[in-house]
Participant: 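After the structure tokens below, expect a handful of questions from me.
Below, all heavy atoms of this structure are taken into account, side chains as well, without hydrogens, waters or symmetry copies. If you read the sequence from its start, that first residue is 1, and numbering goes on from there.
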Amino acid sequence: LEVFASHTLVGDHFDKLAAIKTLKKLSFSHVGIDGDALAHLKDHPTLESLTLSHTNVSGRDLREVASNKALKGLYLKGKFNVMSACKAVGAMESLETLVLQTSLGTEAGLAPLRGAKNLKVLQISMPVTEDGLRHLADLPKLQELKAMVRVNRSVVRELARMKSLKRLDT
């Protein structure tokens, strides 16, 4: 289900969405939603993928869905602060794919992702140096990384620490 609108969705709308128990993928683009609305999705039993593109949702608001055990993919585009978004999703045990397209924050904000032990695919739209890669090196299942990385000796050293990395797109 893809929701594209220029208006605000309220709790009643989300009660109805949450009632669709077969829903696996949900995408919001340019829709006025926030953490209160996301709270309706935190226990959704089949929701595997959530896209939030240019919404009113903040990194802190993401805590509302971070406890969802079915959620495997999170696609965040817009004005998300890297640190607050990564803090919210860093402990998500089920998270396998994270796409973070934002220009707000620094690579130091990636540190909380160390807790995302099942993360397999990470795409970040910001420059990442060896310092940022150091935060990601301990992710045991990270297989694909797409980031703006300038390859040098220090970067290669950090990439070599990523034992499960199979694909690097710079």
Participant: Under 4.0 Å between a side-chain nitrogen and a carboxylate oxygen: does that hold for K69 and D43?
Facilitator: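 Here K69 does not pair with D43 in a salt bridge, since their nearest N and O are not under 4.0 Å apart.
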Participant: Ignoring hydrogens and geometry, is there a side-chain-to-backbone donor-acceptor pair from Q101 to K77 under 3.5 Å?
Facilitator: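 No, because the side chain of Q101 does not come within donor-acceptor range (under 3.5 Å) of the backbone of K77.
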Participant: Can you confirm whether more than 12 heavy atoms, excluding those of R60, are under 6.0 Å from its CZ atom?
Facilitator: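 No - once you tally the heavy atoms of other residues, nucleotides and ligands closer than 6.0 Å, there are 12 at most.
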Participant: Would you say that more than 12 heavy atoms from the other residues, nucleotides or ligands in this model lie under 6.0 Å from the NZ of K117, or not?
Facilitator: yes
Participant: Who clusters with L104? Use side-chain heavy atoms, under 4.5 angstrom, across I, L, V, M, F, W and Y, and order the result by chain and number.
Facilitator: none
Participant: Apply side chain to side chain donor-acceptor pair (under 3.5 Å) to S154 and list each qualifying residue two or more places apart in sequence or on a separate chain.
Facilitator: R157
Participant: T46 side chain to K21 main-chain N or O, any donor-acceptor pair under 3.5 Å?
Facilitator: yes
Participant: Taking all non-hydrogen atoms of both residues into account, name the closest pair between L38 and V65 and its distance.
Facilitator: O-CG1, 3.6 Å
Participant: Under the 3.5 angstrom rule, does the side chain of T102 hit a backbone N or O of F80 as a donor-acceptor pair?
Facilitator: yes
Participant: Do you know which of V57, L50, T51 makes side chain to side chain contact (heavy atoms under 4.5 Å, CB included) with F28?
Facilitator: L50
Participant: Salt bridge or not for D61 and R63, using N-O below 4.0 Å?
Facilitator: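 No, D61 and R63 are not salt-bridged.
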Participant: Are the side chain of E93 and the backbone N or O of A116 linked by a donor-acceptor pair below 3.5 Å?
Facilitator: no
Participant: Looking at CG of L142 and NZ of K163, how far apart are the two atoms once the value is rounded to the nearest 0.5 Å?
Facilitator: 13.5 Å
Participant: Between K42 and N68, is a side-chain hydrogen bond (donor to acceptor under 3.5 Å, both in side chains) present by the stated rule, with each step listed?
Facilitator: CA-CA 5 Å; K42 70 180 179 184; N68 185 313; over 6 Å; no
Participant: Look at the side chain of T55 and the backbone N and O of V31, then say whether any donor-acceptor pair between them is shorter than 3.5 Å.
Facilitator: no
